[in-house]
Amino acid sequence: MRKSERAITASEEIRSVIDRSQVVRLGLFGGEYPYVVPLSFGYEVRDGNIFVYFHCATEGKKIDCMARDGRVCLEFDLFHGYVETGHSLTADYESVIAFGTVRRCTGEERTRGLKALLEHTGYPQVSAEACAALPIVEVFCVTCEEITGKRRFPRPARS
């Protein structure tokens, strides 16, 4: 990281960025070109490790890419706006990048993943069990193996 003073290193601060992010971008090996897709998600922390869950249809490019290579990249971000620097503009932001491996969820983990997703998206009252029973839904989990964060905080508003 070029500007190490902007690094987010504390695990609770990394989780805060993830908590406040509404979308995760999943980067996959797409063949000739990388393939990146935005997704709704949920996550949980177990034994200090972050597990990110998402759902999708039972077939498609995402499924094909994950079947070819389970190594993935996740990107979470919060954009706080542009600010003048005196000679240019810059963006205020917080972001987290994670590298890991993806796997299809089955059984109880499928339901647990959907429950995490429903809670994160603001719909905890929807039945994860009913969603898990749908034959048109797949649930995947990314085990985050390496995580980095970076930020440039917004400046206080001028009076």
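Bear in mind the structure is a predicted one, so any value in this text is a computation, not a measurement. Just the heavy atoms: all of them, side chains too, but no hydrogens, waters or symmetry mates, feed the values below.
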Please assess Glu44 against Arg112 for the test salt bridge (Lys or Arg N to Asp or Glu O under 4.0 Å), listing each intermediate value before the final yes or no. CA-CA 9 Å; Glu44 63 183 5; Arg112 190 171 73 237; 2.9 Å; yes
Aromatic rings Phe76 and Phe41: how do their planes relate, parallel, tilted or perpendicular, breaks at 30° and 60°? perpendicular
State, with a plain yes or no, whether a side-chain heavy atom of Ile63 is found less than 4.5 Å away from one of Cys56. yes
Short side-chain to backbone donor-acceptor contact, Arg25 and Val37, under 3.5 Å: no
Joint cluster assignment, Phe99 & Ile14, ILVMFWY side-chain distance < 4.5 Å: no
Please check this pair: side chain of Asp69 against backbone of Arg71, looking for a donor-acceptor N/O pair closer than 3.5 Å. yes
In the structure I gave you, are the side-chain heavy atoms of Ile50 and Ile18 within less than 4.5 Å of one another anywhere? yes
Linked, directly or transitively: Phe29 and Leu26 (ILVMFWY side chains, under 4.5 Å): no
CD1 on Ile8 to OG on Ser95, rounded to 0.5 Å: 6.5 Å
Taking it one step at a time, do Arg151 and Asp92 satisfy salt bridge (Lys or Arg N to Asp or Glu O under 4.0 Å)? CA-CA 7 Å; Arg151 71 165 54 102; Asp92 283 330; over 6 Å; no
Under the side-chain contact (heavy atoms from CB on, under 4.5 Å) rule, what do Val45 and Arg15 come out as? Steps first, then yes or no, please. CA-CA 9 Å; Val45 178; Arg15 286 194 310 270; 3.3 Å; yes
Should we count CD of Glu12 as having more than 12 external heavy atoms under 6.0 Å? yes
How close do Ala98 and Ile147 get, counting heavy atoms only, and between which atoms? CB-CG1, 3.8 Å
Quick one: do Tyr53 and Val102 end up in the same hydrophobic cluster if we chain Ile, Leu, Val, Met, Phe, Trp and Tyr together by side-chain heavy atoms under 4.5 Å apart? no
Roughly how far, to the nearest 0.5 Å, is SG of Cys105 from CZ of Phe51? 10.5 Å
Determine, stepwise, if the pair Arg103 / Glu109 fulfils salt bridge (Lys or Arg N to Asp or Glu O under 4.0 Å). CA-CA 11 Å; Arg103 70 178 184 288; Glu109 185 182 35; 2.4 Å; yes
Hydrophobic cluster membership, Val24 vs Leu114, 4.5 Å side-chain cutoff: no
Side chains of Val142 and Leu74 in contact at under 4.5 Å (non-hydrogen atoms): yes
Does any non-hydrogen side-chain atom of Arg110 lie less than 4.5 Å from one of Glu138? yes
His120 and Gln22 side chains, donor-acceptor separation under 3.5 Å: no
Please work out which of the three classes, parallel, tilted or perpendicular, describes the rings of Phe79 and Tyr82, given edges at 30° and 60°. perpendicular
Nearest non-hydrogen partners of Cys131 and Leu118, listed with the distance: SG-CD1, 4.4 Å
Nearest heavy-atom contact between Cys144 and Val52 is SG-CG2, 4.0 Å
Does the Lys NZ or Arg CZ of Lys61 fall within the cation-pi geometry relative to Tyr35 - under 6.0 Å from the ring centre and within 45° of the axis? yes
side-chain contact (heavy atoms from CB on, under 4.5 Å) between Arg68 and Asp64, intermediate numbers included: CA-CA 6 Å; Arg68 276 194 305 274; Asp64 295 343; 4.1 Å; yes
Hydrophobic clusters here meaning ILVMFWY residues chained together by side-chain heavy-atom distances under 4.5 Å, can you tell me if Ile97 and Leu39 are in one? no
Heavy-atom count around Lys62 NZ within 6.0 Å, excluding the residue itself: above 12? yes
Would you say that more than 12 heavy atoms from the other residues, nucleotides or ligands in this model lie under 6.0 Å from the CD1 of Ile136, or not? no
Kindly indicate, with the supporting measurements, whether the criterion side-chain contact (heavy atoms from CB on, under 4.5 Å) is fulfilled by Val83 and Arg152. CA-CA 11 Å; Val83 293; Arg152 185 183 189 293; 3.6 Å; yes
Can you find a side-chain donor-acceptor pair between Glu145 and Thr101 that sits under 3.5 Å? yes
Test salt bridge (Lys or Arg N to Asp or Glu O under 4.0 Å) applied to Arg20 and Glu94, step by step: CA-CA 10 Å; Arg20 292 176 289 131; Glu94 297 170 83; 2.8 Å; yes
Using the test side-chain contact (heavy atoms from CB on, under 4.5 Å), find all partners of Leu117 that sit at least two apart in sequence or belong to another chain. Ser40, His55, Thr121
With side-chain contact (heavy atoms from CB on, under 4.5 Å) as the test, would you mind laying out the steps for Ser21 and Leu78 before giving the verdict? CA-CA 6 Å; Ser21 295; Leu78 301 163; 4.1 Å; yes
